[in-house]
Amino acid sequence: METGTSRNAGRTTGQPAARPTGRPTGHAADEPVWIGLPPGLLRMRRLLLVVWLGSLTIGTALLSGLLAGPGWAAFALLPLAVLLWGWPMLGRNWRSWRYAERADDLLISRGVLWRKETVVPYGRMQLVEVTSGPVERHFGLASVQLHTAAAATDARITGLDPAEAERLRDRLTELGEARSAGL
């Protein structure tokens, strides 16, 4: 899955496109090809936002309206305001997540206000696992977790299609074994 065209240097539109192999074509060797997350992750997060904050809005309106009077039911507007603010924020966050496979390492970039880029050398990977919780499975998503010798590494790519997660796991495992053979 390859991301769409760049808005500016280093940023992508986040609109994934089909990508048959893990090797980029037609790009400079030092320029990473960023891959965005599938839209299913955004749909899942927005649905969870609506379910949780919608329930909180209704519960707040009912409880405060019945126990303290109709005027207090206006407090139900607070969770509704958070829901309306959170909807576009989830979209911005989803667009900020991306990853790129390079010759010697995997890049993971995320963050809207504070950008965080993690570089995981293939030779340092000890374990690559694919996980999928019940909500992720319902939406057809999986996550790839990379474990390295460094305890502080939080290399995780969430919300991938299961086939892409398995492909990435197999490719990273293969590259990790090849690079660590000399250690």
Side-chain angles (χ1 to χ4, degrees), residues 1-17 34-100 106-120 127-148 150-166 168-169:
M1 295 177 16
E2 187 171 69
T3 58
T5 59
S6 294
R7 279 191 243 166
N8 56 30
R11 296 199 56 159
T12 60
T13 62
Q15 300 300 320
W34 292 103
I35 303 167
L37 299 181
L41 177 65
L42 181 60
R43 281 192 301 271
M44 178 187 79
R45 288 182 175 171
R46 283 183 170 166
L47 178 66
L48 291 174
L49 179 76
V50 168
V51 167
W52 286 106
L53 289 177
S55 300
L56 186 61
T57 299
I58 292 169
T60 302
L62 289 175
L63 286 176
S64 61
L66 292 174
L67 298 177
W72 289 95
F75 277 108
L77 296 176
L78 292 174
L80 185 61
V82 172
L83 181 124
L84 293 175
W85 173 79
W87 188 272
M89 292 301 113
L90 285 174
R92 289 183 65 195
N93 180 270
W94 170 74
R95 283 188 298 277
S96 75
W97 274 83
R98 57 196 184 148
Y99 66 97
L106 176 73
L107 301 175
I108 302 171
S109 179
R110 63 195 169 279
V112 177
L113 292 177
W114 286 272
R115 300 286 301 163
K116 183 174 182 180
E117 190 166 293
T118 305
V119 179
V120 183
L127 174 68
V128 181
E129 63 182 350
V130 175
T131 60
S132 185
V135 176
E136 285 178 311
R137 280 194 309 273
H138 177 74
F139 283 90
L141 301 172
S143 297
V144 174
Q145 177 75 43
L146 305 166
H147 299 278
T148 64
T153 302
D154 68 345
R156 181 178 181 92
I157 305 172
T158 59
L160 295 173
D161 293 320
E164 172 65 9
E166 290 175 13
L168 189 59
R169 178 200 58 208

Inset, instruction - Determine the minimum heavy-atom distance between Thr118 and Ala155, stating which atoms define it. - result: CG2-CB, 4.4 Å

Inset, instruction - Provide the closest heavy-atom pair for Val112 versus Arg92 in the form atom of the first, atom of the second, distance. - result: CG1-NH2, 2.8 Å

Legend entry - Main-chain N/O of Gly111 paired with Arg115 side-chain donor or acceptor, under 3.5 Å: yes

Legend entry - Non-neighbouring partners of Glu129 that pass side chain to side chain donor-acceptor pair (under 3.5 Å), sequence neighbours left out: His147

Per-pair distances, 0.1 Å, donor-acceptor, side chain in residues 53-66, under 3.5 Å, sequence neighbours excluded:
residue : atom : partner : partner atom : Å
Ser55   : OG   : Val51   : O            : 2.7
Thr57   : OG1  : Leu53   : O            : 2.7
Thr57   : OG1  : Leu80   : N            : 3.4
Thr60   : OG1  : Leu56   : O            : 2.7
Ser64   : OG   : Thr60   : O            : 2.5
Ser64   : OG   : Trp72   : O            : 3.1

Legend entry - Worked verdict on Tyr99 versus Val144 for side chain to side chain contact (heavy atoms under 4.5 Å, CB included): CA-CA 11 Å; Tyr99 66 97; Val144 174; over 6 Å; no

Inset, instruction - Working to the nearest 0.5 Å, report the span between CG of Leu49 and CZ of Arg45. - result: 11.5 Å

Per-pair distances, 0.1 Å, donor-acceptor, side chain in residues 133-142, under 3.5 Å, sequence neighbours excluded:
residue : atom : partner : partner atom : Å
Glu136  : OE1  : Gly133  : N            : 3.0
Glu136  : OE2  : Ser143  : OG           : 2.9
Arg137  : NH1  : Ser132  : O            : 2.6

Inset, instruction - For Leu42, check side-chain contact (heavy atoms from CB on, under 4.5 Å) against everything at least two apart and list the hits. - result: Arg46, Leu90, Trp94

Inset, instruction - Measure the spacing between OG1 of Thr158 and CH2 of Trp97 and express it to the nearest 0.5 Å. - result: 5.0 Å

Legend entry - Interatomic spacing from CD1 in Ile108 to CG in Leu146 - rounded to 0.5 Å: 5.0 Å

Legend entry - side chain to side chain contact (heavy atoms under 4.5 Å, CB included) assessment of Arg110 paired with Leu37: CA-CA 11 Å; Arg110 63 195 169 279; Leu37 299 181; over 6 Å; no

Legend entry - Those residues that, when tested against Glu117, pass side-chain contact (heavy atoms from CB on, under 4.5 Å) (two or more places apart): Trp34, Leu107, Ser109

